[in-house]
Amino acid sequence: MQAASSKLITSGHLLRLGEEAKDILRESGGGSEDVDLDLQRSVHAVLRELSAQAPALPSNQGMWRWSLHKKVERDPGKSPALVRILLRELEKAESEDTRHVIIPLLHTLMYVLTKATGITEELHQRTYAFCTRLLTLPAPYCTIALDCAIRLKTETAVPGTLYQRLVIAEQNLTSELYPFRERVFLFVDPELVSPSVCSALLLEIEAAQGQQTPEACMRHVVSHALQAALGEACEAGVLQRKLQTSSRRALERYFHAVVAAVEQMASEPSPSREGHLEKLEEIYCSLLGPAEAARGRCGGDRPQARLPSIPLPSPHITFHLWTDEEQLWEELVLFLRLRSQLRLSADLEALDLQGFLPDRELARASVLSTDSGIERDLPWGADEPPTPGSPEVERAGLQRKGGIKKRVWPPDILMLGSWDGPPGLHQRIGRPSGDRELLPGVSRLHTARVLVLGDDRMLGRLARAYHSLRKRETQKFCLTPRLSLQLYYIPVLAPEKPTASRHSELGELAAFLGRADPWYESVVNTLCPAIRKLAEMPLSLDTSQTVDPFILDAITYYVRMGTQPIYFQIYAVKIFFSDLSQDPAEDIFLTELKVKIQDSKFPRDSLSPRRRGVAEGPGAELSICYQKALLSNRTREVTVSLRAAGLVLKALPASDTEVSGPTHCPPTAAPDIDHTCLNISVTEVVKTSNLAGRSFSTVTNTFRTANIQIQSQDQRLLTLLLDKDSCRMYRDVARFEVAPCPEPCSGAQKSKALGLSSHQEEMERTKAKAKPLLMPINTFSGIVQ
């Protein structure tokens, strides 16, 4: 029944396509009508899925894009036809001003161009011209178009550059000319995600990556570069058989020769397509021999065989079970340190990479030392002392032991908040135009793509780890100069029960991302049912068979094409307990803080006794003090007292009309803390008296503010629940304060580096306005207005 309905929908669309289909067939030569119509139907199925009027069936959501890419992957000869179809749909969307499909189509087109080999120069230039026309549109269209235009300009002159750079970086292949490295860190919390889901994901990743050896990846790079440059003159089948039989040493030689030819030409100010072709022809002749290479160029009227597929290997993914907030820092340091020891040992000293061991409260304790620093003053330990009169004893007279070296950092480096735009950890690297150096002589060669699976509780734990990492950076400053950190999120929620609304509550941030970015809704938010279905399937331990994993392919597409972040404000909360001997606690939250009223009461000796005249009833008497934003851009402090049964502080916009609110900022603009607001919902208890007696009812009041202080005025205590996580619950709370979490900064270090006095230091601290700490989550387009 489902197949029949899909056929009816397809036939209805074919009646409307008419002249478009004929034009496409004329452009492609008219010899493959069935192939072109099949690709066109798939493209229109993707566009229908983006339409709110006709959503796809839940079982098919997200499958059309994947099946479209699989068609051209299995038959690379279809790539030029698909590029023409996508270009026509983009030009049609531009003329009809249907902007909601431009970014999905452009991402699909760029993904095809990265993997394909038979794309003509005319199609590249046509795509480049379209991207330049998009530069007149507002963000995010102009931002994505500029990024695509930069890559297309290089790909047009030097075909195969995008594929080669992507494989080298993702597979960590050794190359002096392109030293960029990437890794995907997949974090899953076993407390929030079922063991069956964890096992299924791990087995799928291992099954796919078990087939991706370094030798296979080098063969793919060589074969793709030669086919992309030589086109029909390349004997693809003979070339792949030759590479299969080559030794590891010969394969590495061809690989480095191809990489050198591509990168040297791409680095020139005006790269020449003809010059690039000549260099690769020489490599092609040396690989196959002059006779076989000449036969390919003079093939004449031989029937063209079907091009062999050159897969684009999935990125190197490491699977991690989430343990604590320090794990993120440790994994990033390990990733950076392994590569640094191989290539970048010269600047280890400059970046203080020796301080990678875990700190205690990020500070070094002051210890009284009686060591003079001279070796002869040290007591001979358990080791056997040298003999008297030996050269070692004579040299020990004036030899000093290794001490602590004082490093003087540039003032503009010490203050993280002084950088323009978003935090430096999130600047992209690996672009042909290069990335600016935060420290002289230190390049940002590493990209860590951190992907978390779970619900809003997992994002709250990620926010704590991110805050801890940013706090460490103000002390060590070892990751930022050379590491680009990209954060990704895939919602994995428990199956929804008909009688429970917990499912929607735990997926609020994913729903917000889907409203902000329709392509994220179509590609990422549809993965949750597929992941649950994968976990229910019987496990197969045979990794020798070729797999076609839908979930891994969707994850790969997301981490490669999802480059536009949406920034979320992190909020700090300071908690004061009823027990005055207990120190106040400090924590952060990302999505929600819920306040419940406890049945327990203050102890008798508390400083907040029950006020006289307060009627007993449900809830607690609360004093709420907050800053009210006015149209004059000023703030007014408001204090109210009321009886409430509970409160909810939400950091996400409450409706679609607030999507462009304070939870994001453009990548080039520094966010302003004054425009950051919390949505407060107070369940107020209203007492009514009548002839029947006294009764209580509740009414919900809502308002918005950035800073708020709440204190219990009677004997009832409060319970705080952060980010809906039962592991982050605070009981017996008498008062708490919430404000936007500021960006950690090393103001003390900057003052010491500048040599400021205490008075000047206080003035500098007063003048400096704290920037809010924002956590970015990558999507395909950012927020589409």
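Bear in mind the structure is a predicted one, so any value in this text is a computation, not a measurement.
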Visitor: Check whether any side-chain heavy atom of Asn707 sits under 4.5 Å from a side-chain heavy atom of Pro740, and report yes or no.
Guide: yes

Visitor: Using a 3.5 Å distance criterion without hydrogens, assess whether the side chain of Asn679 forms a donor-acceptor pair with backbone atoms of Leu652.
Guide: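 A pair under 3.5 Å: yes.
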
Visitor: Is a donor on one side and an acceptor on the other found under 3.5 Å between the side chain of Asp456 and the backbone of Leu459?
Guide: no

Visitor: With a 4.5 Å heavy-atom cut-off, do Leu590 and Leu722 have their side chains touching?
Guide: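 SC-SC contact between Leu590 and Leu722 ruled out.
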
Visitor: What are the two closest heavy atoms between Leu622 and Ser712, and how far apart are they?
Guide: CD2-CA, 3.8 Å

Visitor: Tell me, with the steps shown, if Glu637 and Thr639 meet side chain to side chain donor-acceptor pair (under 3.5 Å).
Guide: CA-CA 7 Å; Glu637 195 168 276; Thr639 302; 4.9 Å; no

Visitor: Given the rule in the side-chain contact (heavy atoms from CB on, under 4.5 Å) test, do Gln709 and Phe736 qualify, once you have shown the distances and angles that lead to the verdict?
Guide: CA-CA 6 Å; Gln709 302 178 15; Phe736 67 93; over 6 Å; no

Visitor: Are there more than 12 heavy atoms of other residues, nucleotides or ligands under 6.0 Å from atom NZ of Lys596?
Guide: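 12 or below, so no.
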
Visitor: Would a distance-only check, ignoring hydrogens and angles, find a side-chain to backbone donor-acceptor pair under 3.5 Å from Asn525 to Ala510?
Guide: yes

Visitor: Please report the C-alpha distance between Arg461 and Cys727 in whole Å, then the side-chain angles of each, then the deciding distance to 0.1 Å, and finally whether the side-chain contact (heavy atoms from CB on, under 4.5 Å) criterion is met.
Guide: CA-CA 10 Å; Arg461 299 179 185 186; Cys727 298; 3.7 Å; yes

Visitor: To the nearest 0.5 angstrom, please state how far the CG atom of Asp455 sits from the SG atom of Cys528.
Guide: 9.5 Å

Visitor: Output, in order, the C-alpha distance, side-chain angles, deciding distance and verdict of side-chain contact (heavy atoms from CB on, under 4.5 Å) for Arg449 and Glu182.
Guide: CA-CA 7 Å; Arg449 307 190 185 277; Glu182 296 184 5; 3.2 Å; yes

Visitor: Between the side chains of Arg464 and Asp587, is the shortest nitrogen-to-carboxylate-oxygen separation below 4.0 Å, so that they form an ion pair?
Guide: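 A salt bridge is present here (some side-chain N lies under 4.0 Å from a carboxylate O).
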
Visitor: Taking all non-hydrogen atoms of both residues into account, name the closest pair between Val685 and Ala644 and its distance.
Guide: CG2-C, 4.0 Å

Visitor: Where do Gln564 and Ser781 come nearest, in terms of heavy atoms and distance?
Guide: CB-C, 3.6 Å

Visitor: Would you check if the side chain of Glu473 reaches a backbone N or O of Leu479 as a donor-acceptor pair within less than 3.5 Å?
Guide: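 Side chain of Glu473 to backbone of Leu479: a pair is present.
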
Visitor: Working to the nearest 0.5 angstrom, can you tell me the gap between Glu330 CD and His320 NE2?
Guide: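 Reported value, rounded in 0.5 Å steps: 11.5 Å.
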
Visitor: Does this structure show an ion pair linking Arg643 with Glu684, if we count only N-O contacts that are shorter than 4.0 Å?
Guide: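 The answer is no: the pair does not qualify as a salt bridge.
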
Visitor: Between Trp322 and Leu462, which heavy-atom pair has the shortest distance, and what is it?
Guide: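 Residues Trp322 and Leu462, closest heavy atoms: CH2-CA, 4.2 Å.
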
Visitor: Is the backbone of Tyr489 close enough, under 3.5 Å, to the side chain of Tyr558 for a donor and an acceptor to pair up by distance?
Guide: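 Answer holds: yes.
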
Visitor: Taking the six-membered ring for Trp, are Phe577 and Tyr730 parallel (under 30°), tilted (30 to 60°) or perpendicular (over 60°)?
Guide: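 Phe577 vs Tyr730 ring planes: tilted.
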
Visitor: Does the side chain of Leu186 come within less than 4.5 Å of Leu453's, by heavy atoms?
Guide: yes

Visitor: Taking all non-hydrogen atoms of both residues into account, name the closest pair between Val450 and Leu332 and its distance.
Guide: CG2-CD2, 4.5 Å

Visitor: In terms of ring plane angle, is the pair Phe780 and Tyr520 parallel, tilted or perpendicular, where the classes change at 30° and 60°?
Guide: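 Plane angle between 30° and 60°, so tilted.
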
Visitor: Working note: Glu743 + Lys471, criterion salt bridge (charged side-chain N to carboxylate O under 4.0 Å, His left out); need CA distance, chi angles, decisive distance, verdict.
Guide: CA-CA 8 Å; Glu743 173 76 32; Lys471 197 173 180 181; over 6 Å; no

Visitor: Would you give the length of the straight line joining atom OG of Ser623 to atom CD of Gln711, rounded to the nearest 0.5 angstrom?
Guide: 6.5 Å

Visitor: Would you call Val682 and Leu642 a side-chain contact if the rule is heavy atoms closer than 4.5 Å?
Guide: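 They are in contact (side-chain heavy atoms under 4.5 Å apart), so the answer is yes.
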
Visitor: Measure the shortest side-chain to side-chain distance between Glu191 and Met458 over non-hydrogen atoms and say whether it is less than 4.5 angstrom.
Guide: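 No. Closest side-chain heavy atoms not under 4.5 Å.
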
Visitor: Are the side chains of Tyr488 and Val524 in touch, meaning some heavy atoms are under 4.5 Å apart?
Guide: no

Visitor: Do Arg728 side-chain atoms and Ile588 backbone N/O form a donor-acceptor pair below 3.5 Å?
Guide: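 It does hold such a pair.
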
Visitor: For the side chain to side chain contact (heavy atoms under 4.5 Å, CB included) test, which of Asp725, Leu509, Leu506, Leu649 pairs with Thr591?
Guide: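 That would be Leu509; it is the only one of Asp725, Leu509, Leu506, Leu649 passing the side chain to side chain contact (heavy atoms under 4.5 Å, CB included) with Thr591.
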
Visitor: Using a strict threshold of under 4.0 Å (side-chain N to carboxylate O), is an ion pair present between Glu592 and Arg457?
Guide: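 Looking at Arg457 and Glu592, the cut-off is not met.
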
Visitor: Going by an N to O cut-off under 4.0 Å, is there a salt bridge joining Arg716 and Asp714?
Guide: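 No salt bridge links Arg716 with Asp714.
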
Visitor: Once you round to the nearest 0.5 Å, how far does CG of Leu328 lie from CG of Leu485?
Guide: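 Here the interatomic distance stands at 6.5 Å.
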
Visitor: Compare all side-chain heavy atoms of Arg560 with those of Pro315 and state whether any distance is below 4.5 angstrom.
Guide: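 Yes, close enough: below the 4.5 Å cut-off.
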
Visitor: Has Thr779 got a side-chain atom pairing as donor or acceptor with Gly782's backbone, closer than 3.5 angstrom?
Guide: yes

Visitor: Mark yes or no for whether Gln327, through its side chain, and Thr323, through its backbone, hold a donor-acceptor pair below 3.5 Å.
Guide: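 A pair under 3.5 Å: yes.
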
Visitor: Tell me, with the steps shown, if Phe185 and Phe335 meet ring-ring contact (aromatic ring centres under 6.0 Å, His included).
Guide: CA-CA 10 Å; Phe185 298 85; Phe335 167 56; 5.8 Å; yes

Visitor: Which distance, rounded to the nearest 0.5 Å, do you find between the CG of Asp723 and the OH of Tyr571?
Guide: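 The CG atom of Asp723 sits 12.5 Å away from the OH atom of Tyr571.
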
Visitor: Mind listing the closest non-hydrogen atom pair of Cys198 and Leu321 along with its distance?
Guide: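 Where Cys198 meets Leu321 most closely, the heavy atoms are SG-CD2, 4.3 Å.
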
Visitor: Atom CD in Glu621, atom CD1 in Ile597: separation rounded to 0.5 Å?
Guide: 10.5 Å

Visitor: Can you confirm whether Leu773 sits close enough to Pro744 that some side-chain heavy atom of one is under 4.5 Å from a side-chain heavy atom of the other?
Guide: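 Heavy-atom side-chain distance check passes, below 4.5 Å.
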
Visitor: Under a 3.5 Å distance rule, please check whether Gln598 uses its side chain to pair with a backbone N or O of Asp732 as donor and acceptor.
Guide: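 Yes.
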
Visitor: Strictly distance-based, threshold 3.5 Å: is any side-chain N or O of Thr700 a donor or acceptor partner for the main-chain N or O of Thr683?
Guide: no

Visitor: After noting the C-alpha distance and the side-chain angles of Asp599 and Leu717, does the key distance pass the side-chain contact (heavy atoms from CB on, under 4.5 Å) rule?
Guide: CA-CA 7 Å; Asp599 293 333; Leu717 301 177; over 6 Å; no

